[in-house]
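Heads up, the thing below is written out as structure tokens.
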Amino acid sequence: MAVSILDKHEFLDGRIVIYRRGDIGDNSNYSVRLRIPKASGYVVKSSGTSDVNRARQFAEELYDELRLKRSEEHTSELQSRLHLVCRLL
């Protein structure tokens, strides 16, 4: 079943999308869909607000937080591989 999307806004070349779901009924809060670089799939969450500006702020802060977390994980993985290579030399 497809989700009915209303009032859609895209930012950062589509990496951040905020929208209202038409299949929820009276719920007018914005949902957030994020595509994080170097990660597979999407992160989807409710913004908890019906105000488009607050929803955007929530989405941008969550995007930055998840992007930083993914970057730290990637850096840690690279450091582990480098340590292993150095041990082999």
Side-chain angles (χ1 to χ4, degrees):
M1 182 173 128
V3 173
S4 173
I5 295 179
L6 308 172
D7 200 16
K8 180 178 169 183
H9 305 270
E10 294 187 23
F11 310 99
L12 294 178
D13 297 323
R15 290 179 296 220
I16 297 176
V17 178
I18 61 174
Y19 59 93
R20 293 182 189 203
R21 291 182 54 178
D23 61 338
I24 299 296
D26 289 340
N27 185 354
S28 61
N29 287 345
Y30 280 92
S31 293
V32 173
R33 187 184 74 199
L34 306 173
R35 189 177 70 233
I36 307 300
K38 300 178 185 169
S40 61
Y42 294 98
V43 174
V44 179
K45 293 194 177 264
S46 172
S47 70
T49 183
S50 61
D51 180 271
V52 68
N53 294 318
R54 288 185 190 155
R56 180 177 181 173
Q57 181 179 2
F58 172 84
E60 289 173 345
E61 289 173 0
L62 181 60
Y63 177 83
D64 288 342
E65 178 183 321
L66 294 175
R67 190 172 54 105
L68 177 61
K69 181 179 177 185
R70 180 63 185 137
S71 177
E72 289 171 349
E73 289 171 355
H74 184 68
T75 300
S76 177
E77 182 181 318
L78 289 175
Q79 287 174 339
S80 295
R81 288 181 182 178
L82 179 60
H83 180 71
L84 179 62
V85 168
C86 287
R87 285 183 37 193
L88 293 173
L89 295 178

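These numbers were taken from a predicted model, which means no experiment stands behind them.
Heavy atoms only, all atoms of each residue included: L34 and A59 are closest at CD2-O, 3.9 Å. A pairwise comparison of heavy atoms in V32 and S47 identifies CG2-CB, 4.0 Å as the closest pair. In terms of heavy atoms, S46 sits closest to N29 at OG-CB, 4.3 Å. When all heavy atoms of G14 and R35 are compared, the pair lying nearest together is O-NH1, 3.9 Å.
Under a hydrophobic clustering in which Ile, Leu, Val, Met, Phe, Trp and Tyr are joined whenever their side-chain heavy atoms come within less than 4.5 Å, directly or via other members, L62 and F11 fall into the same cluster. Hydrophobic clustering, with ILVMFWY side chains joined whenever heavy atoms are under 4.5 angstrom apart, groups V44 together with V17.
The CD1 atom of I16 lies 11.5 Å from the CZ atom of R33; values are rounded to the nearest 0.5 Å. To the nearest 0.5 angstrom, T49 atom OG1 is 10.0 Å from Q57 atom CD. How far NZ of K8 is from CD1 of I18: 11.5 Å, rounded to the nearest 0.5 Å.
When the side chain to side chain donor-acceptor pair (under 3.5 Å) test is applied to D7, the partners found at least two apart in sequence or on another chain are H9, Y30. With sequence neighbours left out, E65 forms a salt bridge (Lys or Arg N to Asp or Glu O under 4.0 Å) with no residue at all.
Among residues at least two apart or in separate chains, salt bridge (Lys or Arg N to Asp or Glu O under 4.0 Å) pairs with a member in residues 44-57 are R56-E60.
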